[in-house]
Amino acid sequence: MAAPLGGMFSGQPPGPPQPPPGLPGQASLLQAAPGAPRPSNSTLVDELESSFEACFASLVSQDYVSGTDQEEIRTGVDQCIQKFLDIARQTECFFLQKRLQLSVQKPEQVIKEDVSELRNELQRKDALVQKHLTKLRHWQQVLEDINVQHKKPADIPQGSLAYLEQASANIPAPLKPT
């Protein structure tokens, strides 16, 4: 806390903010993006969080209850949402730039990640195939059980009285008129 206040009280202009730890020459979430007005201690993540809070606060504001002009409220909410979306795009660009730098500096790392993603996809699909095979076996067993039940009367010899009794037992009785 003493470092940022060092030049304020002695009449000297404050020195430039110290770059955050990281690789030299790289922008980080702790540095302001070029062309974007930001305080030296603000980060993209901090701004994203504060803009989200501003969006939420504008939606639950007491202005809705007190009867302020609806167009004014809508404009304020739209501005908050637009600021949030702009900062979200900047954050996304930051991570895309880091991803690009990583792919240039360490292409084998990108290949390892791709291989890992493909392995995970294969495992997921293998589990899905096993699930479907289990269901298929279950229904094959159900069909086989149904076929066995229908074949039992055919196992009894044709000319026997037992076959006729078995066959007549399966015939429903006629409905009696009432």
Problem - Residues in salt bridge (charged side-chain N to carboxylate O under 4.0 Å, His left out) contact with Arg119, at least two apart in sequence or another chain - result: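 Partners of Arg119 by the salt bridge (charged side-chain N to carboxylate O under 4.0 Å, His left out) criterion come out as none, since no residue qualifies.
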Minimal non-hydrogen separation, [X] against [Y], with atom names:
| X | Y | answer |
| --- | --- | --- |
| Cys55 | Cys80 | SG-O, 3.1 Å |
| Leu44 | Ile87 | O-CG2, 3.8 Å |
| Val77 | Ser58 | CG2-OG, 3.7 Å |

Exercise for the section: Would you check if His132 and Val129 make a side-chain contact, meaning some heavy-atom pair closer than 4.5 Å? Expected result: no
Exercise for the section: Output every pair passing side chain to side chain donor-acceptor pair (under 3.5 Å) with a member in residues 75-88, not counting sequence neighbours, ordered by first then second residue. Expected result: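 Applying side chain to side chain donor-acceptor pair (under 3.5 Å) to every pair that reaches into residues 75-88, excluding sequence neighbours, yields Gln82-Asp86, Asp86-Arg89.
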Handout entry: same_hphob_cluster(Trp139, Ile146) at 4.5 Å side-chain heavy-atom cutoff
Key =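 Per the 4.5 Å side-chain linkage, Trp139 and Ile146 are co-clustered.
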Would you compute the distance between atom [atom1] of [X] and atom [atom2] of [Y] and round it to the nearest 0.5 angstrom?
| X | Y | atom1 | atom2 | answer |
| --- | --- | --- | --- | --- |
| Ser51 | Asp46 | OG | CG | 10.5 Å |
| Lys125 | Leu118 | NZ | CG | 9.5 Å |
| Lys98 | Leu96 | NZ | CG | 12.0 Å |
| Glu121 | Glu117 | CD | CD | 9.5 Å |
| Glu49 | Phe84 | CD | CZ | 10.5 Å |
| Ile81 | Phe52 | CD1 | CZ | 10.5 Å |

Practice task
May I have the step-by-step check of side-chain contact (heavy atoms from CB on, under 4.5 Å) for Asp126 and Gln130, ending in yes or no?
Solution key: CA-CA 6 Å; Asp126 283 343; Gln130 290 302 318; 5.5 Å; no
Handout entry: NZ/NE/NH1/NH2 to OD/OE distance under 4.0 Å, Lys112 and Glu108
Key =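 Salt bridge: no.
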Practice task
Under the side-chain contact (heavy atoms from CB on, under 4.5 Å) rule, collect the residues that match up with Leu102, sequence neighbours excluded.
Solution key: Arg99, Lys106, Gln109, Glu113
